[in-house]
Amino acid sequence: MYANVVVLTYGPPDIPTYSYKVPENLEKEVKVGQLVLVPFGKRTPMGVVVSLSKKEIKDIGEIRNIEGILIQQPMLLPYQIELLKWMAFYYRAPMVNCLEVMLPTKVLNAKRLMTNAKTISQSISRSSQVSSQTLVLTSSINRLPETLAKYPHAKNYAVYHNELKPWQRFNTWQKILSGNVDYIFGSRSAIFCPCRNLKEIIIYDEHDQGYHEERSPYYNAFSVAEKIQGLTGARIKIVDSSPRITTYFTHKVSPLARSHIVKAKIVNMLDERKVDNKTAISQILEDYIRLGYKRSKKILLFLNKKTESGHVYCRNCKYSEFAATAPEVCPNCRSFEIWFNSVNVNSLANLVRKIVPQAKVTIIAEGYKLLFEPEPQSRRPTTNNQLPTIDIATASVFYKLLLHKYDLVAHIQTDSLANITDYTSAEKLFAQISSLKKITRGLLLLQTYNPQDPTIISASLGNYQKFFQDQLAERRALSYPPFSLLVKLTLRGKKEESIEQKSQKLYDLLSSQLPNYPTTQLPIILGPYKPQFTGKTAKYNIILKLPVKNYSLLQREMARSSISPQLSQVPGVWQVEVETESII
């Protein structure tokens, strides 16, 4: 008997599995999905059996034996083996990478696994009854406590996420595999838990980027859930106030109604420039800050931007945009009458202290330190009452363990997302404003240079249907999802000229093969181009738009299959991202 094994070690990315002979004494024990030890060069790494065959393998040289079975009970269920193979193909990723994101054993010691193997097998074999299982996903680990509180009836549950210690993850995995768990709560990685009787997958805040893996295989947990639905028959339920356009297009999603109406006011920052207010805080916001502080109201100033980018404004033609660096002249009229304002949480905090010097300012932002010196305590009025707090936050505020409600929330630069040239910028902005509403119990101010922007208007009114229809029309005209499947090819390197040349060479190769496609399946190729924000490393992208009749997983799979011959010619140094949510 022979076994095909995905070996959990570094190897050529184009070799998905390795063949091993099953010794006679193990033939009745080896099963698909088992964790085994195999010889690999001079090492003996772990691997997972993905298929067995009695047919003799010829013409590949000497076939070495499997050295041992680590755990008798398979670590992966049959549907997970199929999922593993699908991920490797669909995301054009090394199978070992796909296996590593699925399993909880990456850093575990093989000897300790073997020591605990007997206990583990016994606990699973005692499970004659397998409970109906519900998998509940959250976009962040910090959202798990509040999500658990929504399921008081879930008495027999497990919590699974990547922040658990390795042995905690492994033991939780085995507990779920035993079938004695009714509910599984977790973040993105919990989608791979081995559910023997999965009936429902519930996904909260499906729009959140936390569901997208930023390393190979670059999977999206929602797409993986769709595949699991097809393999197991489990239902998918989405709980989201601002679902992605593609999700709303293909699934029955009802955007959540707000428990209370939040008043949102749009502030035109062009009017501020006309009266020579060059700061990031409008006069109306300044007045609200003073009044709110006086009345001990809780205030949040939200800033969603990178510190190195800023806002360009031309006094001559009134041109306005966000840019990574300050231009020498106006990009629109070439005038020198421009100014560049780069505001960050620290400069904003300093500005707030000029407005209300005695206020306590708190920064909620990952990796930031306050760069101004707080006013000495001796200068503050002596009182036993706690000073009002003004919070200044980036998107980190949405992932705090405890979400506070604010009387006043101000989005300082609403255009920072709207002006990014990406096809998902509008839906990210709508979701961002919706998230701000969730933590607002009073007034939400949206400062913008484009008060007529349809996304900002729809989001301020909470009108998702209007936003969805507007976006659908734009995407249909430009052949973006849900009217195409996007595949992004990215090449990075130190020498920009070399990277550009290699990118152009690949683009020419892909373009030369377009006549091989039927007219209805003809891809659109964009690029090669240098993205808007590249950082210090040279980077070029090529985008493939593959037409689909609808955005069902089946249609996406067919589109992905149609491009297989071309993707097979893409050199391994290129990053391939199927279903990319960003073209920059």
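The shortest distance between side-chain heavy atoms of Pro194 and Met75 does not fall below 4.5 Å. Contact annotation: the side chain of Ile412 never approaches that of Ile392 to less than 4.5 Å [non-hydrogen atoms, C-beta and beyond]. A heavy-atom distance below 4.5 Å is found between the side chains of Gln575 and Tyr218. Within the 4.5 Å cutoff, no side-chain heavy atoms of Ile236 are placed close to those of Ile228. Side-chain contact between Val361 and Asn350 is absent, with no heavy-atom pair separated by less than 4.5 Å. His153 has its side chain within reach of Tyr151: a pair of non-hydrogen atoms, C-beta onward, lies under 4.5 Å apart. Between Thr424 and His207, every side-chain heavy-atom pair lies at or beyond the 4.5 Å cut-off. At least one side-chain heavy atom of Arg441 sits less than 4.5 Å from a side-chain heavy atom of Asp407.
Rounding to the nearest 0.5 Å gives a distance of 8.0 Å between CD of Gln229 and CZ of Phe222. Once rounded to the nearest 0.5 Å, the distance linking OG1 of Thr138 with CD1 of Ile202 reads 12.0 Å. Atom OH of Tyr288 and atom CZ of Arg295 lie 10.0 Å apart (nearest 0.5 Å). Here the CZ-CG distance, from Arg290 to Leu285, works out to 11.0 Å after rounding to the nearest 0.5 Å. Between Ile184 atom CD1 and Trp173 atom CH2 the span is 11.0 Å, to the nearest 0.5 Å. In this structure, Ile355 CD1 and Ile281 CD1 are separated by 4.0 Å, a value rounded to the nearest 0.5 Å.
Side-chain rings of Tyr464 and Tyr248 approach one another, their centers coming within less than 6.0 Å. Ring-centre distance between Tyr204 and Phe185: not below the 6.0 Å cut-off. Aromatic rings from Tyr480 and Tyr423 are positioned such that their centres are separated by under 6.0 Å. Taking the centre of each ring, Tyr406 and Phe302 stay at or above the 6.0 Å mark.
The closest side-chain donor-acceptor pair between Glu206 and His251, if any, does not fall under 3.5 angstrom. Between the side chains of Arg169 and Tyr160, at least one donor N or O sits under 3.5 Å from an acceptor N or O. Under 3.5 Å, the side chains of Asn463 and Ser458 contain no donor-acceptor pair of N or O atoms.
Within a 6.0 Å radius of NZ in Lys237, other residues, nucleotides and ligands contribute 12 heavy atoms or fewer. For NZ of Lys150, the number of neighbouring non-hydrogen atoms (other residues, nucleotides, ligands) closer than 6.0 Å is greater than 12. Taking a 6.0 Å sphere around OH of Tyr157, one finds it holds 12 or fewer heavy atoms contributed by other residues, nucleotides or ligands. Other residues, nucleotides and ligands place no more than 12 heavy atoms under 6.0 Å from the NZ atom of Lys265.
The minimum heavy-atom distance linking Ala158 with Val181 is given by the pair N-CG1, 3.7 Å. Nearest heavy-atom pair across Ile176 and Cys193 is CD1-SG, 3.6 Å. In plain terms, the two heavy atoms of Ala154 and Tyr183 that are nearest each other are CB-CD1, 3.6 Å. The two residues Val345 and Leu303 have their closest heavy-atom pair at N-CD2, 3.7 Å. Residue Tyr399 comes nearest to Ser140 through the heavy atom pair CD2-CB, 3.4 Å, listed as atom of the first residue, atom of the second, then distance. In terms of heavy atoms, Gln447 sits closest to Ser282 at OE1-OG, 2.8 Å.
Judged purely by atom type and a 3.5 angstrom limit, Asp453 uses its side chain to pair as donor or acceptor with the backbone of Ile456. The main-chain N or O of Arg196 is found under 3.5 Å from a side-chain atom of Gln133 such that the two form a donor-acceptor pair. With Arg143 contributing its side chain and Phe398 its backbone, the two residues share a donor-acceptor pair below 3.5 Å. In this structure, the side chain of Asn550 does not engage the main chain of Thr250 through any donor-acceptor pair within 3.5 Å. Between the Gln555 side chain and the Ser552 main chain, no donor and acceptor come within less than 3.5 Å of each other.
A salt bridge is defined here as a Lys NZ or Arg NE, NH1 or NH2 lying under 4.0 Å from an Asp or Glu carboxylate O, and Glu100 with Arg215 fails to meet this definition. A salt bridge links Glu213 to Arg188: one of the charged nitrogens lies within less than 4.0 Å of a carboxylate oxygen. Residues Glu579 and Arg560 are not paired through a salt bridge, judged by the lack of any N-O separation under 4.0 Å between the basic side chain and the carboxylate. Taking 4.0 Å as the cut-off between side-chain N and carboxylate O, Asp391 and Lys400 do not count as a salt-bridged pair.
Ring-plane geometry between Phe468 and Phe249 is classed as tilted, the angle between the planes lying from 30 to 60 degrees on a 0 to 90 degree scale.
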Margin query: Could you walk me through whether Ser582 and Asp422 satisfy the side chain to side chain donor-acceptor pair (under 3.5 Å) test, starting with their C-alpha distance in whole Å, then the side-chain angles of each, then the deciding distance to 0.1 Å, before giving a yes or no?
Written below: CA-CA 6 Å; Ser582 174; Asp422 206 347; 2.6 Å; yes
